[in-house]
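Labels below follow one simple rule: chain letters A, B, ... track the order of the sequence lines, proteins then strands, and each chain is numbered from 1.
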Protein chains: 2
Amino acid sequence: MKQRILIVDDDPGIVAAITPALRAQGYEVAAAHDGELALAAFRQVEPHLVLLDLVMPKLGGIGVCQQIRQQSATPIIVVSVKGAEADIVTALDNGADDYLVKPFRLSELLARIRAVLRRGRTPQPLIECADLVIDTTRRIVLRQGQPVSLTPIEYAVLAELVAHRNGVVTARQIVQRVWGPQYADATDYVKGVIRRLRVKLEPDPAHPRYIITEPHVGYRFNDASGAVSSPS
Amino acid sequence: MKQRILIVDDDPGIVAAITPALRAQGYEVAAAHDGELALAAFRQVEPHLVLLDLVMPKLGGIGVCQQIRQQSATPIIVVSVKGAEADIVTALDNGADDYLVKPFRLSELLARIRAVLRRGRTPQPLIECADLVIDTTRRIVLRQGQPVSLTPIEYAVLAELVAHRNGVVTARQIVQRVWGPQYADATDYVKGVIRRLRVKLEPDPAHPRYIITEPHVGYRFNDASGAVSSPS
DNA sequence: CGGTTTTTTCACCGCTTTTTCACCGCGCAA
DNA sequence: TTGCGCGGTGAAAAAGCGGTGAAAAAACCG
């Protein structure tokens with residue numbers, strides 16, 4: 001879904017300068033040239049983000065900020081020539097999420113836009129492959145939707161494998177990470193844990209799909225979901 | 001509840017300058033002086049906000065940023081002498097929520113802290129599940145509409161569990177939060193309190209529905225009716 | 001001050017996990 | 001073929017953890 005950005009600035013030059021850059025990043029752009037038009041446009045466009053100038057006819061930036069905040073939590077970045085401490089504090093305390101002083105570097109504006117938009121999302125730190133879901137924040141592993149109970153060591157080893165998913169991890173590495181550096185030679189531990197993990201996680205423990213043995217090298221966690229995302 | 005802020009900076013002068021100002025605003029302040037300590041402190045303190053310097057021994061600010069982002073959405077404000085466009089963009093794209101160039105105006109920092117914390121807040125003073133209602137603002141717990149009398153320690157432990165509801169909290173974490181860091185090994189306390197809480201809150205204390213034990217890991221407060229099969 | 005509640009401490013029990021050890025089977029090279 | 005290294009299997013011993021109960025100590029309150 002394309003994200004929509006509303007630019008509110010009475011200087012057509014600014015709008016003209018920013019708009020193409022935003023479009024190039026894949027945003028949809030709308031513009032308004034004074035405070036009242038801004039509120040109308042806000043209701044109509046329902047933008048994901050507002051770029052707001054402070055000095056404007058009809059209704060100042062602060063006023064626009066307050067009005068928007070009364071009805072929505074849409075992020076607002078104030079962009080203004082006014083760089084005084086008081087202006088910045090006032091804007092932020094009236095609902096602005098960020099404040100950028102003109103003249104600004106375009107790439108910084110874009111980065112701040114990304115940062116502010118990123119916050120709204122609730123990223124799921126979930127690792128999924130086929131019938132396995134690993135929720136690293138809640139320390140929970142689901143297999144076909146059913147929770148699988150793992151012991152601390154099992155979970156730690158799994159985490160180590162998943163951290164290097166699709167890459168090979170040696171038994172030595174695993175032992176050092178999970179048990180500690182002084183256990184570097186106790187690679188026997190790993191055998192047992194790997195087996196228990198396979199019994200608990202693999203559809204057919206005798207022919208593993210996820211926890212693959214790379215002979216004479218180590219183990220590899222196979223992420224079957226080949227979905228590779230391409231961030232901006 | 002007091003909001004906790006973690007300052008990460010290797011310059012004691014900066015820490016000394018900022019800390020009192022933050023305390024005066026009613027924040028709890030913790031500090032770490034290099035990247036590795038920062039991550040350890042982060043896990044222990046679980047701050048609501050991180051103030052992060054970029055240039056540090058052990059592990060740079062960007063690295064800290066990434067590590068924190070892997071496990072949490074806690075807001076991060078980078079505070080650095082490096083004001084170059086590339087530094088700002090890099091930090092923001094690696095998970096920072098805001099970027100402030102040193103030297104900065106204290107009131108601006110405070111305003112940006114307020115702005116960033118304001119977003120994160122999703123106030124839900126009432127937690128309800130099945131026949132339990134927990135009013136975190138009034139420190140009151142209702143069970144089937146009837147108030148349950150909890151001792152201060154019982155309530156503190158319950159609050160700690162509820163704060164991480166559906167996530168696992170270790171006995172060590174609970175003890176450190178409720179009794180203080182110096183009690184980190186006195187996990188025996190927790191056993192007793194958990195038992196009393198179960199007696200007071202659970203319909204069937206022998207088979208808990210809310211305060212679940214995650215064996216060898218810790219405890220979890222179960223919000224939704226996430227049916228977890230348990231052998232009887 | 002005395003009585004009550006709350007917190008701390010301790011010992012025991014049963015269960016799960018971890019560790020340890022011996023053995024098996026396969027592939028590979030001498 | 002035989003010997004060897006590597007990884008899988010199985011089971012039993014050891015260790016650790018959590019639940020329980022109860023009593024001592026401390027805090028609270030009129």
With sequence neighbours excluded, give me every salt bridge (charged side-chain N to carboxylate O under 4.0 Å, His left out) pair touching [range].
{"range": "residues 25-38 of chain B", "answer": "B:Asp34-B:Lys58"}
{"range": "residues 142-162 of chain B", "answer": "B:Glu154-B:Arg196, B:Glu154-B:Lys200, B:Glu160-B:Arg177"}
{"range": "residues 71-81 of chain B", "answer": "none"}

Legend entry - Nearest-0.5 Å distance that lies between atom OG in B:Ser80 and atom CE in B:Met56: 10.0 Å
Legend entry - A:Leu161 CG to A:Leu197 CG distance, which is reported to the nearest 0.5 Å: 7.5 Å
Would you be so kind as to tabulate the donor-acceptor pairs closer than 3.5 Å made by side chains of residues 210-219 of chain B, with sequence neighbours excluded?
| from | atom 1 | to | atom 2 | distance (Å) |
| --- | --- | --- | --- | --- |
| B:Tyr210 | OH | B:Asp131 | OD1 | 2.4 |
| B:Thr213 | OG1 | B:Arg198 | NH2 | 2.7 |
| B:Glu214 | OE2 | B:Arg220 | NE | 2.6 |
| B:Glu214 | OE2 | B:Arg220 | NH2 | 3.0 |

Inset, instruction - Scan residues 173-180 of chain A against DNA chain C and write down, sorted by residue number, each residue with any heavy atom closer than 4.0 Å; if none is found, say none. - result: A:Trp179
Legend entry - Interface residues of residues 198-208 of chain A with DNA chain C (non-hydrogen, below 4.0 angstrom): none
Legend entry - Non-neighbouring partners of A:Tyr189 that pass ring pair (Phe, Tyr, Trp, His ring centres under 6.0 Å), sequence neighbours left out: A:Trp179
Legend entry - Members of residues 148-158 of chain B that approach DNA chain D, where some heavy atom sits under 4.0 Å away: none
Legend entry - Nucleotide range of DNA chain D lying under 4.0 Å from chain B heavy atoms: D:dC17 to D:dG21
Legend entry - Nearest-nucleotide comparison on DNA chain C, the residue closer to the 5′ end among B:Arg196 and B:His216: B:Arg196
What does the list of N/O pairs under 3.5 Å between the protein and nucleotides 9-15 of chain C look like, with a distance for each?
| from | atom 1 | to | atom 2 | distance (Å) |
| --- | --- | --- | --- | --- |
| C:dT9 | OP2 | B:Tyr189 | OH | 2.4 |

Inset, instruction - Kindly state each residue pair satisfying side-chain hydrogen bond (donor to acceptor under 3.5 Å, both in side chains) with at least one member in residues 94-103 of chain B, sequence neighbours excluded. - result: A:Arg112-B:Asp98, A:Arg119-B:Asp97, B:Asp9-B:Lys102, B:Gln66-B:Asn94, B:Arg69-B:Asp97, B:Asp98-B:Arg112
Legend entry - Over 12 non-hydrogen atoms of neighbours within 6.0 angstrom of CZ in B:Phe104: yes
Inset, instruction - Sequence neighbours left out, what passes side-chain contact (heavy atoms from CB on, under 4.5 Å) with A:Thr136? Give chain and number order. - result: A:Pro125, A:Ile127, A:Ile134, A:Tyr155
Inset, instruction - Report yes or no: does B:Arg105 contribute a side-chain atom to a donor-acceptor pair with the main-chain N or O of A:Ala86 at less than 3.5 Å? - result: no
Legend entry - Side-chain H-bond candidate by donor/acceptor type, B:Gln44 with B:Gln173, under 3.5 Å: no
Legend entry - Polar side chain donor-acceptor pair, B:Glu202 to B:His207, under 3.5 angstrom: no
Inset, instruction - Would you mind reading off the distance between A:Ile194 atom CD1 and C:dT18 atom C1', rounded to a whole angstrom? - result: 15 Å
Inset, instruction - Answer with base, sugar-phosphate or nothing: what part of the nucleic acid does A:Tyr219 contact at a heavy-atom distance below 4.0 Å? - result: sugar-phosphate
Legend entry - Any B:Leu51 side-chain heavy atom under 4.5 Å of B:Val78 side chain: no
Legend entry - Salt-bridge contact B:Asp185-B:Arg172 (side-chain N to carboxylate O under 4.0 Å): yes
